[in-house]
Structure formats: structure tokens, C-alpha cells
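A short worksheet on the structure shown next.
Each chain gets a letter, A, B and so on, in the order the sequences are listed, and its residues count up from 1. All heavy atoms count here, side chains included; hydrogens, waters and symmetry mates do not.
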Amino acid sequence: MYALIDCNNFYASCERVFNPSLNGKPVVVLSNNDGCVIARSNEAKALGIPMGAPAFEYKKTFEKYNINIFSSNYALYGDMSSRVMNLLSEFTPEVEIYSIDEAFLKFIGFDFFNFQEIGLQMKRRVTKGTGIPISIGFAPTKALSKVANRIAKKFSERTNGIYVIDSEEKRIKALKWLSIEDVWGIGRKHAKRLKALQIYNAYQFTQLSDDWVRKNMSVVGLRLKHDLEGKPTLDLETTANKKMIATTRSFEGMLTSYQDIRERVSTFAVSCAEKLRHQQSQCHMLMVFLHTNGFRKDLPQYGRNIVVKTHYPTNSSIDLVTYAEVGLQAIYREGFHYKKAGVIVMGLTPNNQKQYSLFTSENPKHEPIMNVVDRLNKAYGNNKIKFGSQSLGRQWKMKQEKLSPRYSTNIQEIITINA
DNA sequence: TCTGGGGTCCTAGGGCGA
DNA sequence: TCTGTCGCCCTAGGACCC
């Protein structure tokens, strides 16, 4: 049996844990730069605020309905997430953390257990331990547990946030209820194609022939079909190291000068290098990209990316800044208003599997320097140590006008209770 | 004026050596 | 020495997820 546990309106719920006066009121959380709506409480959903809504377009709606707005506070959400995941792992050792707010659990040898009861215990444990509300779906496969979770959430008053698919009858009923575009693994494109063929729900999808699905939706679609049929095909994924690491940002305004963009790109490269060292990996390729604002049809558009190969595997900030600059020089063009840039490191290998080059080698001083940089940044806060190409005086700040405190990870910002 | 960020997997097609 | 075929590797692009 698999379970999918999903935190309800996760970011909005995190804000509520430390500010209970928000309970019952509409809450939205915005993306970086306070750009789009990325999380909504049920009350905000009921007011018709869609996912991804640009904040500036909905400003009046926010004011009209007194909606509580928050900038995204990843320090808080990340910490709350790991607390939830820790509690869930008390129920079975087989846990796949699927995203910041979701986990698959696998129950082997629980044949005679009552999953409804296990679900109740999980809910109580997580609510008591973190204050985060969760929904739980149990089913014999991962894809079906996603479906069960959806039912648990959709009919929460009847299901109490827990639903178990444990019979053929329930499976078919659930699949007939689920619209094709809501099936996990069927995105917009495939949903459109399937609808054109009169396939409107998940059950109809499972009635297609394997050959057709394989031919038109690749093995990915076929695996999904089998999983929905109740034949376990997708298993828990082991949490290996990441295969690529990215740091990309939209700029608050638009940038034109090479120097300004270079500063930003250097910072992205430094950030990638830090993430690489954190997971004890190194990269042998780095991609730099930049592009103009696609929403501004009145301005000339330009966008390019370039992959730069490193001479040896590295996670040195000094090296990566250098390579990133080589890439940027190759793709930067004068005369455009740039809105977004990023650095992505690829071809990752563990630190202890190093393929040396005959002709070039890393500077042996980098490793101890990076160790010191990481230690200082850890002790005194991130980005205290900067590199030459990053500006010392200038602070590039994301727009975060509605940022809540880091209640659970910073002692200076701990919650205060007035008696 | 203002529209996010970070990932994974799969396939097709070309280059290239055996 | 030339040519055809096969399989591997790499890359770009597409589709999906949260």
C-alpha cells in the first residue's frame, strides 16, 4: 500500500501556524519579487484568485477583500517541511519526499492494518507536532494514492481528509470521477489531445490500448496507465543527489549594462557553487542564460544560453564565477533591456570521483579557501564573503515587502507572546 | 511600472568509431 | 580502401511536476 500525504495550502498554512489570527481569513503567498500568487488559503481560492495570478493585476481584489498577503519565506517553509517529513517517517521507514509539501509513504507488511486508522494517527501527530493540516490518500499504487489524496481533500468534510482506495469498485469510481486534466502526469498538452479523442476522465484513459499510449505518450504515459490500473509500476524514488543545480532570478527592474548583469551572474554562480559544495558534488559544465522581458512586446526581444565546459570538475566559487563570465561575455548583446538571467551547473559528480585532466588542473588553494568561506558564511550569515566580481557596496534586493519573520530558524525572530 | 524558481525524465537525431 | 550498419554518446527540445 502507498500513501500520499500532502500539506494543505502549505505556504499559507505555515504563515497561519505562527499567526493564528489568520485562521478563517483569506491568505495568499507571493513568488520571488512579489510577482505571482503561488499559494492560497481556501478562503482566497473561494474569492476566485487563480494560481499564478500576477500580484499587480489583483491588487484591487486584495484590497477589496482584505486579503492577507505574504512574500515567500523559504527559510520558514523549508524548516516546517522538514519537521512534517520527520514526523511522517515515524510511521514507516519507506518515505519519498516528493516536494516541499508532499511525501509518498510505502507500507510493506501492513496487510491486516486499518489504513483509515493509520491515517488518523498521522493527522493527529502532524497537527500536534507542527500545526500544519494534511490530507492523506491510500491506494495500492502511487498514481492511485494521488487520486485518493485528491478525493480526501475535495470531500474533506465527508472523508476527514483521509481516503483509502482498497477495492476495485472504489478504484473505478474514483477514476471515473477524476477529469483527465487532473490526472498526475497528464499535463496540458496531453489532456488537450486526449479530450479531442473523447477521453474525458481517468477511467477512459485506462481503457485505451497499451500500444496507443506507448506510441503517443511514451513509456512515461504507459507506466502511468498501468499504475492507474492498479498494477504497481512506479516505485518510491531514492533520494540521490541532484543532477543539476540552478540559481536563476528575474530582476526587480530591467538591466542594460554589462557590469550590472555580470554582478548578478557572478552571484548566481557563487550560489550554485555553494549548493554544489553542500551536496558534496562538483560540476563539469555550466550554463549561463539571459533574456529580455517577454511581456514587454514594445521592446526588442533577445535571449540566449550557452554551455561552458570546465577544464576539470570543480565546485570552487572562484572557478565557476570565471566560467560564468566567459559564458556571459559570449551571449551578452548591447542595447537590450534584460529581465532575467541564471546559472545552471550540470554534469554533476560526487567529490570523491574526480576525473583529472592531463593538461590543466585545479588550483589546490581553492578547496581550503572555499572551506573557510563556507564556515564564515555559516557563522555570520550568507553572502558575508563576496567575490571580486560581486559588488561590495551594492545590495541587489528582491522585492519582499510582506515578508514574515523566520520564526523557527532565527532566534532574533522567534515568536513573542504578549500575556 | 509590476508576470517565480527549481527540478526530472524521455525522445529524436546527428556524430562517430568499430 | 571504401562503404554500410550498428550501437553508443551527446544535445536540444518537449513534456511533466511542485
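A:S250 has a side-chain polar atom (N or O) that falls below the 4.0 Å cut-off from OP1 or OP2 of B:dG5. For A:K275, no side-chain nitrogen or oxygen approaches OP1 or OP2 of B:dG5 to under 4.0 Å. The phosphate of B:dT3 has neither OP1 nor OP2 within less than 4.0 Å of any side-chain N or O from A:S31. Using a 4.0 Å cut-off, no side-chain N or O of A:R223 falls inside it from OP1 or OP2 of B:dC9. Dashed line: the shortest gap from a side-chain N or O of A:K146 to OP1 or OP2 of C:dC18 is under 4.0 Å. Residue A:K340 places none of its side-chain N or O atoms closer than 4.0 Å to OP1 or OP2 of B:dT3.
In this structure, a donor-acceptor pair under 3.5 Å is absent between the side chains of A:Y407 and A:N73. Between the side chains of A:S135 and A:D6, not a single donor N or O lies within less than 3.5 Å of an accepting N or O. A:D374 and A:H278 share no donor-acceptor pair across their side chains, judged by distance under 3.5 Å alone.
The nearest whole Å value for the distance from the CZ atom in A:R188 to the C1' atom in C:dC16 is 11 Å. The CD1-P distance, from A:I100 to B:dG4, rounds to 19 Å in whole Å. Atom CZ in A:R296 sits roughly 8 Å away from atom C1' in B:dT1 (whole-Å rounding). Atoms NZ (A:K243) and C1' (B:dC9) sit 8 Å apart, rounded to a whole Å. Here B:dG5 presents its P atom at 14 Å from CG of A:L290, a figure rounded to the nearest Å. Atom P of nucleotide C:dC16 and atom CD of A:E181 are separated by 12 Å, given to the nearest angstrom. Rounded to whole Å, atom P of C:dT11 lies 8 Å from atom NE2 of A:H284. A:F295 has its CZ atom 10 Å from the C1' atom of B:dG4, to the nearest Å.
Among the heavy atoms of the strands, none lies under 4.0 Å from A:S72. A:M287 comes within 4.0 angstrom of no nucleic acid atom, judged by non-hydrogen atoms across all strands. If you check every strand for non-hydrogen atoms under 4.0 Å, A:I245 touches sugar and phosphate atoms only. Nucleic acid contact for A:V29: none, since no nucleic acid atom lies under 4.0 Å from a heavy atom of the residue. Backbone-only contact: A:D101 has heavy atoms under 4.0 Å from sugar-phosphate atoms and none from a base. Across all strands, A:V219 comes closer than 4.0 Å only to sugar-phosphate atoms, never to a base (heavy-atom distances).
Judged by a 6.0 Å distance limit and a 45° cone about the ring axis, A:R158 is positioned over the six-membered ring of A:F155. Both tests pass for A:K170 against the ring of A:Y163: distance under 6.0 Å to the centre and angle within 45° of the axis.
Comparing the P positions of C:dC18 and B:dT1 gives an interatomic distance of 34 Å, to the nearest angstrom.
Residue order along DNA chain B, read from the 5' end via each residue's closest nucleotide, puts A:Y11 first among A:V220 and A:Y11. If you find the closest nucleotide of DNA chain B to A:E57 and to A:R249, the one lying nearer the 5' end belongs to A:E57.
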Salt bridge (Lys or Arg N to Asp or Glu O under 4.0 Å) for A:D79 and A:R406? Distances and angles first, verdict last. CA-CA 9 Å; A:D79 181 58; A:R406 292 166 289 179; over 6 Å; no
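Taking the side chain of A:M244 as heavy atoms from C-beta on, and the options B:dG7, B:dT3, B:dC2, the nearest nucleotide is B:dG7. In the set B:dT3, B:dC9, B:dG7, the nucleotide with an atom closest to the side chain of A:A246 is B:dG7. In the set B:dT11, B:dC2, B:dG6, B:dC2 carries the atom at the smallest distance from any side-chain atom of A:F56. Among the nucleotides C:dC16, B:dG6, B:dG7, the one closest to the side chain of A:H190 is C:dC16.
A salt bridge between A:R262 and A:E325 is present, with a side-chain N of the basic residue lying under 4.0 Å from a carboxylate O of the acidic one.
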